[in-house]
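Scroll down for the structure; my scribbles are underneath it.
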Amino acid sequence: MSLEDAFADGPAFIPYLAAGDPDYESSLEYVEALERGGADIIELGLPFSEPIAEGPTIQNAVVRSLEGGMTPTRFFEFVEDLDVSVPLVCMTYYNLIYRYGDESEAQRASNTSGETVSNGPRPFVEKAAEVGIEGFVVPDLPAEEAGPLREACDEFGLDLVFIVAPTTRGERLDRMMEQVSGYVYVQARLGTTGAQSSVSDQTGSSLERLADYDVPKAVGFGISSGDHAERIVASGADGIIVGSALVDIVAEGHENGDDAETVADRLETLARELKDGAVAGASQRPPHPERT
Amino acid sequence: MSADGKFGDYGGQYVPEALMPAIEELTDAYERYVLDNEDGFMDDFRARLRDFGGRPTPLQRADRLSERYDREVYLKREDLLHGGAHKLNNALGQVLLAKYMGKERIIAETGAGQHGTATAMACAHLDMPCEIYMGERDINRQRPNVFRMKLNGSEVNPVTVGRGTLKEAISETMRDWATNVEDTHYVIGSVVGPHPFPSMVRDFQSVISEEARTQAREKLGRLPDAVVACAGGGSNTMGAFAEFVDDEETALYAVEAGGSTLEVDEEAGVAPNSASLTTGTEGILHGARTRLLQDRDGQIMESHSVSSGLDYAGVGPELAYLVDTGRVTAVNVDDDEALTAFHRLSQMEGIIPALESAHAFGYLESVVGPDAPDSEEADDLGEYVVVNVSGRGDKDLESAIEETYERDIDIAPNMDEFTGGL
């Protein structure tokens, strides 16, 4: 199923978890629980050591995952080991994509001068396609620098999701919309990721700016409850993206030493609440002229 | 440099989308005010550098070092700039630019504290509120600078994630910027980050080489054979080199922190050095494509240097480019050599240099010192050598005491007789 198809039957619920947080085996269970809870697409984080777009919750998840031994190679194994049928999106920073497969062991051994041969994003995208990833979100890759990754995605049939910020307007928005595919990630407020107690009022105006672009709009940053999900979808979003509120459950379970099954149940419960909220929000919307 | 801030394949703008409008706004301001001197910005900047900053700084002949190294050694005394380091050139330029842009708040990151101090001073001078992010570990290593920032009215925010050094402080400042981008300017402290920062910081710092070039002509009647500067992120390096880049007869040496060893512990994700020009590989960090200390997967490594000002896993993209193209020679000295040079310059010239700058002197000793083997490098250095004293060492005294205790530095004062204790 393509990413865009996931929006066909109503609002899409798109949860995020960092792969391997807090450990490989538990993380597999947690991601699978999200599908049981109603996920339509799952964003899987491949942790980078300098996650500059993330708030403390996901920063800490990244640290746990890296300390647990997560690497790009391990990440691809993780995706293969997952038993889910919904499309998966890899969310990571550009350096990991750019560096993957750059040097063979032999090259490295003979390379003492620091010279590297850079293959760019192609090997990573090829491998991602091979294990069944459907698309990418790369928070530190603006449309201006995305050419090589877009090209590789086209070659292997993957989507490239861009994040539209509340500050994105005019030519930049057009440039991004020319390259985006799958869905557009609408950043609900300025700042970094992190669960919030209230929904940002910047969302409505962001969605309005995007109204003329024919691509599903999924809103993220700060959504933590079914009520948030309902209001965001009611205000016109085609989907919701939720990360930190779910990662908080993983973190809490880890700190309290709860067993993986219990944590997975909690994730499934919140996932269902979010999905139900999104569906309830959709019923409050005026019918979409093109989708009825 | 091309209009999009690329130096060969290096440079660029790899930042979260929320920051892109601010980067575009800054690029526009850089082109108008800095490059085109709109509203007399550069005249204002130069006047403030002179009257507030104390420029020009002298180009001083180092008599005893000249004798020791059997050549003419001249010191570009950025340590005599207000605040005690070259950092003021850039901080004053950027805070003034933010003022011209109508920004209301300044944020900055700092490693050794010199950039934070310079930014805090510039903000006090220009009446701008300022918050500075600093790794917790660096706060402990650089207490006098933390106090100086606070004295100047800035807030200092400790960064506890990761190892608590410059790399984490930069990430944290970028997060603040992404949250408050509409009224806040981020004063990046070196020639790193997304375009236009590497070019803009170089332009603000190029006053160093502009003066050095003029002063060399006046004093020596010629250009120097070599310019030597330490390189962490590379701001004093690019400042000292910029106006010499087209003077092919002047060799340029960037001296990196070799730390304890150039060997890398991939398993632990640690590079016990900060020599990204020497040992790094190409990658993308903090907004730019450049040379980085990273593992085979692209995860950024923890760097190390006895000098917290050099302790960074990346380097400016233009400097990386100049090294790749052969215009700049990247060399390195280890912690012990740098600390020994710190003591030597203090004893022989009455100048206590920043531990950063001590690396540049460590390189001279290793190539043309009395115990150095005959080498081509020594010949290449030539007859007239300018060393950039990027800053003074007062800020480093606490760590110099500690490090000297821990090491066997034969020319150091007898630490057993040192009554200050640890």
Side-chain angles (χ1 to χ4, degrees), chain A residues 47-56 59-60 62-63 66 70-75 92-100 102-103 105 108 111-118 124 138-145 162-172 176 185 187 189-192 221, chain B residues 4 9 12-25 160-162 167-168 170-182 194-195 262 266 269 275-287 289 291-292 294-302 313-314 320 323-324 330:
Chain A
F48 177 50
S49 55
E50 318 301 319
I52 58 172
E54 319 296 351
Q59 272 184 67
N60 290 333
V62 164
V63 171
L66 287 173
M70 184 50 71
T71 64
T73 305
R74 199 87 175 109
F75 177 82
T92 193
Y93 286 76
Y94 194 47
N95 199 44
L96 298 190
I97 296 177
Y98 181 75
R99 291 290 306 175
Y100 186 79
D102 259 2
E103 289 176 278
E105 288 292 338
R108 261 197 298 277
N111 181 359
T112 49
S113 65
E115 293 299 313
T116 54
V117 184
S118 295
F124 189 94
V138 189
D140 66 340
L141 190 69
E144 285 78 356
E145 307 284 359
F162 283 94
I163 300 174
V164 172
T167 44
T168 312
R169 290 190 173 78
E171 277 178 31
R172 296 218 63 260
M176 194 183 291
Y185 187 141
Q187 185 178 330
R189 57 172 168 77
L190 283 175
T192 53
F221 274 51
Chain B
D4 58 357
D9 288 336
Q13 299 176 316
Y14 297 86
V15 293
E17 176 53 34
L19 291 179
M20 283 304 291
I23 299 266
E24 286 190 326
E25 185 190 355
T160 54
V161 292
K167 175 166 77 69
E168 289 82 12
I170 292 179
S171 294
E172 202 56 37
T173 318
M174 286 201 161
R175 292 188 184 101
D176 181 318
W177 200 26
T179 309
N180 303 294
V181 65
E182 281 158 336
H195 175 67
L262 291 181
E266 278 253 0
S276 41
L277 290 168
T278 313
T279 66
T281 49
E282 191 193 344
I284 292 129
L285 176 66
H286 293 144
R289 182 184 299 191
R291 287 186 93 80
L292 303 173
Q294 57 185 333
D295 68 14
R296 67 190 59 182
D297 291 325
Q299 304 289 2
I300 308 306
M301 291 201 178
E302 300 295 351
V323 169
D324 276 10

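Just so it is clear: chains get the letters A, B, ... in the order the sequence lines come, proteins before strands, and each one is counted from 1. Owing to the predicted nature of the structure, the values given are computational and were not obtained by experimental measurement.
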Shortest non-hydrogen separation from B/Ile284 to A/Phe48 and the atoms involved: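 Heavy atoms of B/Ile284 and A/Phe48 come nearest at O-CZ, 4.3 Å.
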
Can you tell me which portion of B/Leu262 sits under 4.5 Å from chain A's heavy atoms? Options are side chain, backbone, both or neither.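 Neither; nothing under 4.5 Å.
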
Please classify the contact of B/Ile170 with chain A as side chain, backbone, both or neither, using a heavy-atom distance under 4.5 Å.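 Neither part, no heavy atoms under 4.5 Å.
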
Check: [Y] main-chain N/O paired with [X] side-chain donor or acceptor under 3.5 Å:
X	Y	result
B/Arg296	A/Arg99	no
B/Gln13	A/Glu145	no
B/Gln299	A/Pro47	yes

Are A/Ile52 and B/His286 close enough that some pair of their side-chain heavy atoms sits under 4.5 Å apart?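 Counting from C-beta outward, A/Ile52 and B/His286 do come under 4.5 Å.
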
With heavy-atom distances below 4.5 Å as the criterion, would you say the side chains of B/Tyr14 and A/Leu141 are in contact?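 Yes - at least one pair of side-chain heavy atoms lies under 4.5 Å apart.
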
Measuring from atom [atom1] of [X] to atom [atom2] of [Y], what distance do you get when rounded to the nearest 0.5 angstrom?
X	Y	atom1	atom2	result
B/His195	A/Glu144	NE2	CD	11.5 Å
A/Ser49	B/Asp297	OG	CG	10.5 Å
A/Thr168	B/Met20	OG1	CE	9.5 Å

Can you tell me which of A/Leu190, A/Asn95, A/Ile163 forms the most heavy-atom pairs within a distance under 4.5 Å of chain B?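 Most heavy-atom pairs under 4.5 Å with chain B: A/Asn95.
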
Which bit of A/Ile97 comes within less than 4.5 Å of chain B, counting heavy atoms only: side chain, backbone, both or neither?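 Interface part for A/Ile97: neither.
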
